[in-house]
Number of protein chains: 2
Amino acid sequence: MIVIDPRSRTPIFEQIKEQILNLINTGELQPDDKLPSVRQLASELDLNVNTVKRAYQELETERVTYSLLGKGVFVSKTAVANKIVLENAEKELVRVLSSSKAKGISPERVIELTKLIYEKGDLND
Amino acid sequence: MIVIDPRSRTPIFEQIKEQILNLINTGELQPDDKLPSVRQLASELDLNVNTVKRAYQELETERVTYSLLGKGVFVSKTAVANKIVLENAEKELVRVLSSSKAKGISPERVIELTKLIYEKGDLND
DNA sequence: CAACTGTGATAGCACACCTATCACAGTTTT
DNA sequence: AAAACTGTGATAGGTGTGCTATCACAGTTG
């Protein structure tokens, strides 16, 4: 299930991309699985076809999916999605850690938060 | 010294805000210190006055600075800036750590990166 | 008085995102 | 074969945001 936050600053097509990548990464979407059609997803999310198309096309450019004219869009066999997700996630993590350092958060605090988040469940405060 | 990256996706006025907050947080700007005038900073950064004004006004709204008509803009006595910076930074850190967990980065990897970034200098790769 | 401060208002431009629409190509279903 | 589905391409227009340009006003400083 894909959910869009229209108020978010991150563009809708990027939200779609991220969530598809996550679905693949968690295994909910398997290699060669068919993605919802552009029209169907656009209809479900109450979006324009072009917006969904853009998300799909960028995913294809990144080799996460492949498309067959008239048939649909499918998850690539190669586990590129996983790599991309991990790479992006680590990139963002490094960025934020550097920023955290610059802004005065102690490394102990970082590790504390890390353990908290990883050992306990979600952050429900 | 404030540096603007025009290619960044984050708006210029936000870049200014962040860097001023950092200057205050690191102590380079002390309470009651005067910020560069809107016109001077705009001139230095080759920006329009309105852009700098917006950054300054938002900082004032957040109680980080106060302005005196005809005199200038000054750092608030109360260390609000520090709080704001830390709060925002920790909030983002938690968000990204949760996301890292969800996307399959191990806690060991997080701690490894943390130590790397905090012990060594910047990320120069 | 001149030159500096902040503030306010207005207008316009550029860009990115999104929508609307029509059209075409290929596949699947009936 | 026809209908209904798939992806794709092109074009146009709306909208919000960020930034600029400009003029004006208010207060402080030298």
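This structure is a prediction, so every number in the text was calculated from the model and none was measured. Labels below follow one simple rule: chain letters A, B, ... track the order of the sequence lines, proteins then strands, and each chain is numbered from 1.
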Side chains of B:Pro36 and B:Tyr56 in contact at under 4.5 Å (non-hydrogen atoms): yes
Interatomic distance, [X] [atom1] vs [N] [atom2] [rounded to whole Å]:
{"X": "A:Glu58", "N": "C:dA16", "atom1": "CD", "atom2": "P", "result": "13 Å"}
{"X": "B:Asn48", "N": "C:dA11", "atom1": "CG", "atom2": "P", "result": "17 Å"}
{"X": "B:Phe74", "N": "D:dG27", "atom1": "CZ", "atom2": "C1'", "result": "13 Å"}
{"X": "A:Leu41", "N": "D:dC5", "atom1": "CG", "atom2": "P", "result": "16 Å"}
{"X": "B:Arg9", "N": "C:dC17", "atom1": "CZ", "atom2": "P", "result": "11 Å"}
{"X": "A:Asp33", "N": "D:dT6", "atom1": "CG", "atom2": "P", "result": "16 Å"}
{"X": "B:Gln15", "N": "D:dG18", "atom1": "CD", "atom2": "P", "result": "12 Å"}
{"X": "A:Gln40", "N": "C:dT28", "atom1": "CD", "atom2": "P", "result": "17 Å"}

message: Check the phosphate of D:dC19 against B:Arg54, side-chain N and O only, distance under 4.0 Å to OP1 or OP2. Yes or no?
response: no
side-chain N/O B:Thr51 vs D:dT20 OP1/OP2, d < 4.0 Å: yes
Distances under 3.5 Å only, N/O to N/O: pair up the protein atoms with those of nucleotides 7-9 of chain D.
residue	atom	partner	partner atom	Å
D:dG7	OP1	A:Val38	N	3.3
D:dG7	OP2	A:Val38	N	3.1
D:dG7	N7	A:Arg39	NH1	2.8
D:dG7	O6	A:Arg39	NH2	2.8
D:dT8	OP1	A:Ser67	OG	2.5
D:dT8	O4	A:Arg39	NH2	3.4
D:dG9	OP2	A:Gln57	NE2	3.2
D:dG9	N7	A:Lys53	NZ	3.3

message: I'd like to know if the side chain of B:Lys101 reaches the main chain of A:Ile117, judged simply by a donor and an acceptor atom lying under 3.5 Å from each other, with no hydrogens or angles considered.
response: yes
field: Check: A:Arg63 main-chain N/O paired with A:Ser76 side-chain donor or acceptor under 3.5 Å
entry: yes
query: Charged N to carboxylate O below 4.0 Å: is that the case for A:Arg109 and A:Glu112?
result: yes
Atom pair CZ/OG of B:Arg95 and B:Ser100 - distance to nearest 0.5 Å: 9.5 Å
query: Which atoms form the tightest heavy-atom contact between B:Lys103 and A:Asn25, and what is the distance?
result: O-ND2, 3.3 Å
